[in-house]
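The first residue of the sequence shown is numbered 1, and numbering continues consecutively from there.
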Amino acid sequence: MNKNEKFVITINRELGSGGRTVGRKLAEKLGAEYFDKALIQALEQKYHLTVEEIEKLKGRQQGWWADFKRKMSGSASSSNYFIPVEGAEPEELDTDEMFRAETEILKAIALDESCVIAGRSGFYVFRNHPNHLHILVQASMPFRIARVVRKQGISEDEARKIIEKVDKMRENYVKKYTKSSRYDTRNYDLVISADGKTEDEIVALIMQYIGE
């Protein structure tokens, strides 16, 4: 990936690995915008960005996302829009309509600017992007449980149940829409274990890989 040209970095992460925080810190380090699935869904709901509405916007102008963003109060990736809770996920799998809308939004974002995207299918959406970097951040179960306990103030048993539920939900989502597994390392350029590392240290590793 060439960081001096328009790029897209996708981060797939296990709950409790710190991957979401890594994504935000990496985006800040690179001076790029940060987006995650929770934010995209919040934008969809707030601005009614259905596939039909997106098609209308695309029909009016080529750079519809840039124009849409200018009309909003501030950057689309501002934390004022939506501050997700660690591990927050919808109770059911997304609909095909939602997946299509999110895909169109993400592609438009990447066409308009460099970005870091944390999400379950970014590696698939941008598999043919000319300047991409796909990252997977993993961690051992004890590490993940300890982090979720610390972040959410719950018991280890509760943390394990949440992690197992989210793992299954995310894997089902990826299999449904990409016909692949989120754990298939062939989908990524870089796989990092968070064990024994801080988020800043992981960001430093990624920057070293890119070529700081």
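Separation of atoms SG (Cys115) and CG (Leu30) is listed at 11.0 Å; rounding is to 0.5 Å. Here NE2 of His129 is found 11.0 Å from CD1 of Ile9. Values are rounded to the nearest 0.5 Å. Summarising the geometry, atom OG belonging to Ser121 is positioned 4.0 Å from atom OH belonging to Tyr173; distances are rounded to the nearest 0.5 Å. In this structure, the separation between CD1 on Ile117 and CD1 on Ile135 is 12.0 Å, given to the nearest 0.5 Å.
Using a cutoff of 4.0 Å between basic side-chain nitrogens and carboxylate oxygens, Lys175 and Glu171 are scored as salt-bridged. By the 4.0 Å N-to-carboxylate-O rule, Glu14 lies close enough to Arg144 to be salt-bridged with it. With respect to Arg147 and Glu199, a salt bridge is recorded, a charged nitrogen being found less than 4.0 Å from a carboxylate O.
Looking only at side-chain heavy atoms (C-beta outward), Met141 and Ile163 come within less than 4.5 Å of each other. Looking at Phe123 and Asn12, their side chains come closer than 4.5 Å, going by heavy atoms from C-beta outward. The closest side-chain heavy-atom distance from Met1 to Tyr209 is not below 4.5 Å.
In this pair, His134 and His132 present their aromatic rings parallel. The plane angle is below 30°, not in the 30 to 60° band.
Tyr124 and Asn187 share no side-chain donor-acceptor pair at under 3.5 Å.
Among residues two or more places apart in sequence or in another chain, the side chain to side chain donor-acceptor pair (under 3.5 Å) test is passed with Asp184 by Arg186.
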